[in-house]
Amino acid sequence: MTAAADARRVELEQNLASVRRRVARAAEAAGRDPKAITITVVTKFFPASDVRLLADLGVADVGENRHQEAVDKVAECADLTLRWHYIGGLQSNKAAAVAGYADVVESVDRLKLVSGLGRGAEQREGPLECLVQVSLDPPGCGAQRAGVLPEDLPRLATAVADHPHLLLSGLMAVAPLGEDPDRAFGRLVGLRDFFLSEHPQAGVLSAGMSEDLESAIAHGATHVRIGRAVLGERPVIK
Ligand SMILES: *Cc1c(COP(=O)(O)O)cnc(C)c1O
């Protein structure tokens, strides 16, 4: 290994240890088992060489948010045993392609994606795991981050659950910018309770990023999606 690769490995190892400590502390504070919380390391903008180092450091779940970048990285890392989470905005004409390489699609936020994902999943051995991304934007706020509106969640969840090649495994959410994450994730708890009453098997809750993972875990997250706290600030897009 080159000196630069060695230094990067040490950096990732230390960052990962610190995130694992934060997760463990937050789980204990919430009276939950830290082992029940999965850290998905978001490797977008970072090279496949980082994914390799992470796999070697025991990371099993990685997240990507752009289709072309994800395709390339999955191919470069084909020899590694990893679960690839697609967490980005999804165009309906790319849905089938994403279903071809992702192990979990976390950003299912509209009915239009269901048939494409289902078609792409037909060739798989089992159904494709899907999370429905729900919007936590305060009601009536104009600027939407991605996610289905809470009132449209039941219909979308049922469409995913009823598809023979898709497996509804839970919910995903992103706290809105500029709002206290405790308030946003507080709204998520109520949405999820109702969701679970209709889909009791779909217990995954992917919520929480580098800045708000403690709040997400306090509100029931089973998966946190961590980018910068492990990999550092993302490079500027050229
Ligand atoms: C980039 C991204 C993350 C990771 O964010 P960090 O703040 O770097 O931890 C998590 N979730 C989604 C949907 C993202 O796009």
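Quick note: residue numbers are just sequence positions, from 1. Just so you know, ligand 1 is whichever comes first in the structure, and atom 1 is the first atom listed for that ligand.
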Tell me, which protein residue and heavy-atom name are nearest [atom], and how many Å apart are they?
atom: atom 7 (O) of ligand 1; answer: R228 NH2, 2.7 Å
atom: atom 11 (N) of ligand 1; answer: R225 NE, 2.8 Å
atom: atom 10 (C) of ligand 1; answer: M209 SD, 3.2 Å

- Item | Proximity to ligand 1 by part of E211, non-hydrogen separation under 4.0 Å |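 Contact part for E211 vs ligand 1: neither.
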- Using a 4.0 Å heavy-atom threshold (strictly under), name the region of E106 that reaches ligand 1: side chain, backbone, both or neither.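 The answer is neither; E106 stays 4.0 Å or more away.
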- Would you call E28-R25 a salt bridge at under 4.0 Å N-O?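 Not counted as a salt bridge, because no side-chain N and carboxylate O are separated by less than 4.0 Å.
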- Query: Should D61 and R225 count as an ion pair when the cut-off is N to O under 4.0 Å?
  - Reply: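 No salt bridge links D61 with R225.
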- Task: Using a strict cut-off of 4.0 Å, indicate which atoms of ligand 1 neighbour a heavy atom of K44.
- Result: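 Result: 1 (C), 2 (C), 3 (C), 14 (C), 15 (O).
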- Of all the atoms in ligand 1, which lie at a distance below 4.0 Å from a heavy atom belonging to I226?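 Every atom of ligand 1 under 4.0 Å from some heavy atom of I226: 9 (O).
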- Is a side-chain donor or acceptor of D193 paired with a backbone partner of G190 at a separation under 3.5 angstrom?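 Judged by distance alone, no pair lies under 3.5 Å.
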- Query: Considering I87, N65, V41, which one's heavy-atom position lies nearest to atom 12 (C) of ligand 1?
  - Reply: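 Nearest option to atom 12 (C) of ligand 1, by heavy atoms: I87.
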- Message: For atom 6 (P) of ligand 1, tell me which residue out of G89, G63, A207, S210 has the closest non-hydrogen atom.
- Response: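 Shortest heavy-atom distance from atom 6 (P) of ligand 1: S210.
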- Message: For the residue pair R66 and F45, would you count it as a cation-pi contact if the rule is NZ or CZ under 6.0 angstrom from the ring centre and within 45 degrees of the ring axis?
- Response: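 Verdict for F45: a cation-pi partner in R66.
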- Query: Looking at CZ of R183 and OG of S215, how far apart are the two atoms once the value is rounded to the nearest 0.5 Å?
  - Reply: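 Output value for this atom pair is 12.0 Å.
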- Task: Rounded to the nearest 0.5 Å, what's the gap from CG on L54 to CD1 on I39? Could you check?
- Result: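 If I round to the nearest 0.5 Å, the distance is 11.0 Å.
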- Message: Starting from L90, can I reach L111 by hopping between I/L/V/M/F/W/Y residues whose side chains sit under 4.5 Å apart?
- Response: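 Yes; tracing contacts between hydrophobic side chains, which count when under 4.5 Å, links both residues.
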